[in-house]
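Below is one structure, written out as structure tokens; comments come after it.
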Amino acid sequence: MPELPEVHTIASDLKKNIEGCSIDGVEIENGYKVNPNNKDFSQKLVGSRIDKVGRVSKNIVIKLNSGDFLTFHLAMTGRLLLRDTKSPKDTHQKIQIKLSNKEKNLALRFCDARMFGKVGVWNGQEIKGLKEKYGPDMIMQEILPGDFMERLKSKNTTIKHALLEQTIVAGLGNIYATDALWMAKIHPETKTRELDIKRSTDLLKSAKEILTEGILHRGATLPDEAYVDIFGQPGSHQKHFRIYGKAYCPRCKTKVEYKKINGRGTYFCPSCQK
DNA sequence: ATGTTTGTTCCGAT
DNA sequence: CATCGGAACAAACA
């Protein structure tokens, strides 16, 4: 489930809590598979130290002192939890990584109900390749409106679909893209080829604004609690959704329309999104 | 029982 | 060969 604000929250909390820790052990649930394989994964992790925690698009990327990188992609239902080593196993727990420094012993746990998530260890070259496959990050990189427009126009599809394409711009998911289009008063089925500079500028501004707001609210947690932070706490951005999940447009009170656009549930106001 | 779901990748059609 | 749309991945929930 996590989109940029949720992944950002996890990465920044992890940064404060596990940088400098040594990796003492790795436990992988029976049948669960990681990259490149479970044996090499464990061997490369155990005995190394965590240098830096960061994010590449929606991947959590952890740099080790060995020069290798540990990555997590949470997909729809992945969770990263920082627990006491003695705390009981979490639901859908797939991996436990034991960490320690002078003051504490911790367990970093990866859990995933639907198992669309991905976990692995990679070398520097592979991480370079990972970074290269994504478009500019909506928060960490400066994107000029003209560039944003050209990138969107490079794909001949609906604006909603193009926004979700991480190779075009990185960070938006279904919820934030839906709200960004509402903020910019753009119909989600608008063809990318019909974009002009004014609408592209509005959309870029809206997307950055909604993602920034999401970060301030520590992400959005839906009723199923697929996303919680590393301490198991929900975010609060769900209280600030603009049109996602709404029945009436907050701007003009028109009844909200819901339809699948390129396979994803999309809410929009038929009156003010043109 | 059926239709949903926050993401991404792959396959078939064009 | 390149591009696009949709299915598929798997599980929980209403």
Side-chain angles (χ1 to χ4, degrees), chain A residues 1-11 29 31-35 55-60 71-80 90-94 110-120 129-135 137-138 151-182 188-193 207 210-211 213-215 217-229 234-247 256 258-267:
Chain A
M1 95 154 241
E3 306 182 34
L4 187 152
E6 292 74 26
V7 176
H8 176 98
T9 302
I10 291 168
E29 289 303 304
Y32 193 74
K33 289 187 177 148
V34 298
N35 182 274
R55 170 179 78 70
V56 174
S57 185
K58 297 173 190 170
N59 301 273
I60 314 271
T71 67
F72 297 93
H73 194 299
L74 307 180
M76 304 276 264
T77 55
R79 281 178 166 184
L80 271 177
D90 283 286
T91 46
H92 308 298
Q93 182 176 320
K94 303 298 173 196
F110 174 77
C111 309
D112 194 1
R114 286 170 69 181
M115 296 202 290
F116 293 170
K118 296 259 188 308
V119 182
L130 181 77
K131 287 179 185 164
E132 282 167 359
K133 80 177 194 181
Y134 292 107
D137 190 277
M138 289 297 300
R151 290 188 150 274
L152 291 170
K153 284 186 150 185
S154 75
K155 207 108 190 164
N156 187 20
T157 184
T158 62
I159 182 65
K160 167 80 189 312
H161 189 44
L163 283 176
L164 295 179
E165 195 66 62
Q166 305 297 302
T167 54
I168 294 180
V169 285
L172 289 164
N174 198 40
I175 294 178
Y176 293 94
T178 296
D179 272 1
L181 286 164
W182 177 85
E189 284 175 305
T190 306
K191 293 287 182 184
T192 52
R193 298 282 156 90
I210 197 73
L211 289 170
E213 215 182 275
I215 290 170
H217 294 136
R218 296 183 58 79
T221 299
L222 298 182
D224 66 0
E225 298 216 335
Y227 162 75
V228 289
D229 68 20
S236 63
H237 186 70
Q238 66 282 2
K239 296 172 189 163
H240 305 273
F241 286 162
R242 299 307 200 284
I243 197 156
Y244 185 89
K246 302 285 183 201
V256 167
Y258 172 83
K259 73 183 284 193
K260 293 246 172 163
I261 298 176
N262 299 91
R264 307 304 302 278
T266 308
Y267 299 84

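None of the values given here were measured: they were computed from a predicted structure.
- A:G117 comes within 4.0 angstrom of no nucleic acid atom, judged by non-hydrogen atoms across all strands.
- For A:M115, counting side-chain heavy atoms from C-beta on, the closest listed nucleotide (C:dG5, C:dC4, C:dA11) is C:dA11.
- Atom P of C:dA7 sits at a distance of 13 Å from the matching atom of B:dG3, rounded to the whole Å.
- Side-chain contact between A:L4 and A:D137: present, with at least one pair of heavy atoms (C-beta onward) separated by less than 4.5 Å.
- Between A:Q166 and B:dT8 there is a side-chain N or O to OP1 or OP2 distance below 4.0 Å.
- Residue A:H92 has no polar side-chain atom (N or O) positioned under 4.0 Å from OP1 or OP2 of C:dA11.
- Atom OH in A:Y32 sits about 12 Å away from atom P in C:dA11, given to the nearest Å.
- At distances below 3.5 Å, not a single donor-acceptor pair connects side-chain atoms of A:N59 with backbone N or O atoms of A:T71.
- With contacts defined as side-chain heavy-atom distances shorter than 4.5 Å, the pair A:R242/A:I210 qualifies.
- At C:dG5, none of the side-chain N or O atoms of A:K155 fall inside 4.0 Å of OP1 or OP2 (strictly under the cut-off).
- Residues A:L222 and A:Y227 form no side-chain contact, since every pair of their non-hydrogen atoms from C-beta on lies 4.5 Å or further apart.
- Between A:N156 and C:dT3, a side-chain N or O to OP1/OP2 separation shorter than 4.0 Å is absent.
- Distance from the side chain of A:I175 is smallest for B:dT6 among the nucleotides B:dT6, B:dT9, B:dG7.
- In this model, the phosphate group of B:dT5 is approached by a side-chain N or O of A:Y258 to a distance below 4.0 Å at OP1 or OP2.
- The distance between atom CG of A:L222 and atom C1' of C:dA14, rounded to the nearest whole Å, is 15 Å.
- A donor-acceptor contact closer than 3.5 angstrom is absent between the side chains of A:D112 and A:Y32.
- OP1 or OP2 of B:dT5 has at least one side-chain nitrogen or oxygen of A:K260 nearer than 4.0 Å.
- Between A:Y134 atom OH and B:dT8 atom C1' the separation is 8 Å, expressed in whole Å.
- Side-chain nitrogen and oxygen atoms of A:R264 include at least one within less than 4.0 Å of the OP1 or OP2 phosphate oxygen of B:dG7.
- Between A:N35 and A:K118 there is no side-chain heavy-atom pair separated by less than 4.5 Å.
- Considering only side-chain N and O atoms, A:T77 lies nowhere under 4.0 angstrom from the phosphate OP1 or OP2 of C:dA11.
- Here A:F116 packs flat against the base of C:dC9; its ring centre is closer than 5.5 angstrom to the base's six-membered ring, tilted by less than 30 degrees.
- Taking atom CD of A:Q93 as the reference point, atom P of C:dA11 lies 17 Å away to the nearest angstrom.
- Checking the phosphate oxygens (OP1, OP2) of B:dT6, a side-chain nitrogen or oxygen of A:Y244 falls inside 4.0 Å.
- Between A:Y227 atom OH and B:dT5 atom P there is a gap of 21 Å when expressed in whole angstrom units.
- When both distances must be under 3.5 Å, the Watson-Crick or G-U wobble mate of B:dT2 is C:dA14.
- At whole-Å resolution of the value, CG in A:D224 and P in B:dT6 are 10 Å apart.
- When the nucleotides C:dG5, B:dT9, B:dT6 are ranked by their closest atom to the side chain of A:K133, B:dT9 comes out on top.
- Here A:K118 does not reach the OP1 or OP2 of B:dT8: none of its side-chain N or O atoms lies under 4.0 Å away.
- The CG-P distance, from A:N59 to B:dT9, rounds to 9 Å in whole Å.
- Backbone-only contact: A:G173 has heavy atoms under 4.0 Å from sugar-phosphate atoms and none from a base.
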